[in-house]
Amino acid sequence: MIPKVGISEGKEPLFYNESHHAWREEVRKFVSKEIAPFVEEWEEAGEFPRELYKKAADVGLMGMGYDEKYGGTTEGIDIFHGIVTAEEFAHGCGGVSASLLSHNIAIPLIQSLGTEEQKEKFIPPVVRGEKIAALAMTEPSGGSDVASLKTKALRKGDHFIVNGSKMFITSGMRADTYVVGVRTGGEGATGISVLVIEKDTPGFTQSPLKKMGWLSSDTAVLYFDNCKVPVENLIGGENSGWIGVMSNFSQERLGMAAGMNAYSQICIDEAVAWAKERKTFGKPLIDNQVIKHKLVDMNRAVKTSRAWTELLSWRVMNGESPIADLAMLKVHASKAMELCAREAMQILGGAGYLRANSGPGKVERIYREVRVNAIGGGSEEIMYDLAARQLGYRS
Amino acid sequence: MKILVPVKRVIDPYVNIRVKSDQTGVETENVKMSMNPFCEIAVEEAIRLKEAGKAEEIIAVSIGNQSCQETIRTALAMGADRGIHVLTEEKVEPISIAKILAKICESESPGLVISGKQAIDGDNNQTGQMLAALTDMPQGTFASKVEIDGDKVKVTREIDGGLQTVNLNMPAIITTDLRLNEPRYASLPNIMKAKKKPIDQKSPEDYGVDVTPRVSILKVIEPPKRQAGIKVENVGDLVEKLKNEAGVI
């Protein structure tokens with residue numbers, strides 16, 4: 001059954017054209033047939049079948065936005081195709097989206113900073129769904145404070161010798177191609193480079209992490225023990241990885257915000273459906289003012305978040321990089337999701353506390369997924385700090 | 001060989017149908033519309049025949065208001081080559097559709113017309129058959145398997161008693177049943193390419209067909225709500241109710 005989408009269907013002509021509508025329709029079909037029916041099973045199993053990458057590649061999901069010569073689709077594609085994808089994927093589950101689309105935070109770095117040879121080598125197999133790509137920035141010590149990462153890469157002839165570890169890496173166990181932030185120079189942002197490290201590199205090991213949410217997503221800690229990485233795998237110049245890493249975050253934050261808005265909307269839809277159905281003290285729940293106000297409050301939070309997401313997407317599409325706004329948007333979206341998940345849970349009562357991937361049961365999963373959205377891709381606190389610095393709030 | 005595929009725009013199968021309060025029909029304003037599922041199967045079958053080298057060109061035809069263009073675009077995004085949109089604001093009935101399609105068959109000379117066996121809105125199940133009568137082409141309706149061999153097509157039909165196989169001389173008309181295939185997703189690159197594929201805009205007058213409805217709808221009402229069942233205490237009660245209330249034993 002194709003899920004109802006409560007979120008406005010993207011009719012705003014300023015942002016969406018016919019191809020966005022057609023794409024939304026196909027992604028919705030794909031998610032409702034290939035993902036949604038299996039979410040419960042995959043969450044329970046802690047992973048999803050690898051063949052899903054191939055299926056996603058066949059509909060063009062993996063290649064969206066990547067150069068046609070590497071098997072992708074760029075013509076006529078803009079940032080709103082990504083927004084639509086993120087929104088529709090919310091009807092599957094966060095864990096599947098995070099892992100299945102983990103290349104979308106890794107491959108853009110290769111596409112924007114890589115050489116022709118690097119692009120030809122690393123992008124096509126990922127776009128075809130044959131290889132999995134992951135981004136590895138966060139470390140056990142630094143968290144979202146990427147500028148202070150410690151994994152060292154020492155140049156020795158035509159190799160880098162990499163030592164260190166990476167934490168909370170999505171697709172960390174299953175990926176074949178890791179885009180890794182390393183320190184090649186001095187302290188701070190100006191000493192950072194980006195290396196592609198392939199899975200079979202001697203000295204590179206991973207171990208899985210168990211999580212509160214995103215259960216079907218593969219998350220791992222990576223260890224690099226004297227890994228020899230060929231110099232050809234250096235993406236962009238030595239010590240100049242920072243700009244690429246930062247611009248990559250802008251897209252990630254927009255995509256996360258779009259997803260969060262859709263999860264929030266699912267919470268609203270489930271809460272409304274329940275409140276109309278459930279009778280207490282002789283009347284439907286929804287006829288109580290306290291419930292109505294909760295629902296309106298949830299709507300207010302999501303609608304502002306969505307409007308801001310669209311506006312900032314439009315600005316980024318037009319070449320701006322509103323870093324402070326994007327940081328604040330990410331916080332706004334995760335707070336909206338937190339509110340919606342919380343209030344939906346209150347409205348659903350016991351039904352919302354049960355694990356099941358249909359009806360009210362979805363809210364239980366989303367409630368757990370709130371946290372990774374509020375922390376991953378830059379925690380709320382780091383986002384505030386970034387925004388404050390960007391806005392020049394200092395004496 | 002060309003394959004002509006008529007596609008109909010209908011209310012999305014997963015939408016709850018609401019009857020208009022004035023009982024003149026069902027609500028279509030602000031309701032999600034999609035390609036009729038049987039038509040999707042027809043498009044898919046045509047694409048598979050083309051991929052197998054049995055056909056060169058697939059033409060998707062839709063008859064109706066301006067938004068039918070979207071339905072044609074969906075067919076183009078799946079893999080059809082070009083579209084013909086016959087624009088009319090009338091509520092077209094099967095006989096008018098069949099007459100227009102017959103005219104298109106004259107000008108395009110397709111080797112096969114593959115259509116859905118019925119549309120999920122009117123459930124008429126007539127258009128393909130009427131088209132066969134008008135064009136004097138052989139028909140294989142309710143197809144669950146289609147095999148082309150030279151200038152003949154073997155169609156396995158789902159009938160009440162089981163499966164029936166018919167051998168038709170082409171050009172022929174095939175209407176699709178549910179089990180014929182599973183339609184593909186339109187991929188992102190194909191959605192983008194579909195924007196550039198041509199759609200010819202025509203009118204019923206171009207084909208000399210009067211589409212004025214022959215049937216007038218008097219009233220559309222919701223089916224009666226099903227009454228809730230009752231629980232019986234024991235077998236004795238059940239027998240008593242079956243005998244005296246239901247009157248079945």
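Basis for what follows: all heavy atoms, side chains included, without hydrogens, waters or symmetry-related copies. Here is how names work: the chains are called A, B, and so on, in the same order as the sequence lines, proteins then strands, and each is numbered from 1. Computed from a prediction, not measured in an experiment: that's the story for all the values here.
Side chains of E34(A) and Y185(B) form a contact here, defined as non-hydrogen atoms less than 4.5 Å apart. Proximity of E18(A) to K195(B): side-chain heavy atoms (C-beta onward) are nowhere separated by under 4.5 Å. Proximity of E25(A) to K32(B): side-chain heavy atoms (C-beta onward) are separated by under 4.5 Å at one or more points. Between L188(B) and V59(A) there is no side-chain heavy-atom pair separated by less than 4.5 Å.
In R18(B), the CZ atom is not crowded: 12 or fewer heavy atoms of neighbouring residues, nucleotides or ligands sit closer than 6.0 Å.
When the heavy atoms of residues 93-108 of chain A are compared with those of chain B, none of the residues falls under 4.5 Å.
With a 4.5 Å cut-off on non-hydrogen atoms, L61(A) does not touch chain B at all.
Taking NE2 of H21(A) as the start and CD of E70(B) as the end, the distance is 7.5 Å to the nearest 0.5 Å.
For the pair K33(A) and E182(B), the salt-bridge criterion is met [side-chain N within less than 4.0 Å of a carboxylate O].
Residues that satisfy the ring pair (Phe, Tyr, Trp, His ring centres under 6.0 Å) test with F38(A), not counting sequence neighbours, are W42(A). Scored by the side-chain contact (heavy atoms from CB on, under 4.5 Å) test, A257(A) finds T309(A), L329(A), A333(A) as partners (sequence neighbours excluded). Under the ring pair (Phe, Tyr, Trp, His ring centres under 6.0 Å) criterion, H20(A) pairs with Y16(A), H81(A), not counting sequence neighbours.
Heavy-atom minimum distance, G60(A) versus S187(B): N-CB, 4.3 Å.
Distance alone, capped at 3.5 Å, is enough to place a donor-acceptor pair between the E26(A) side chain and the A186(B) backbone.
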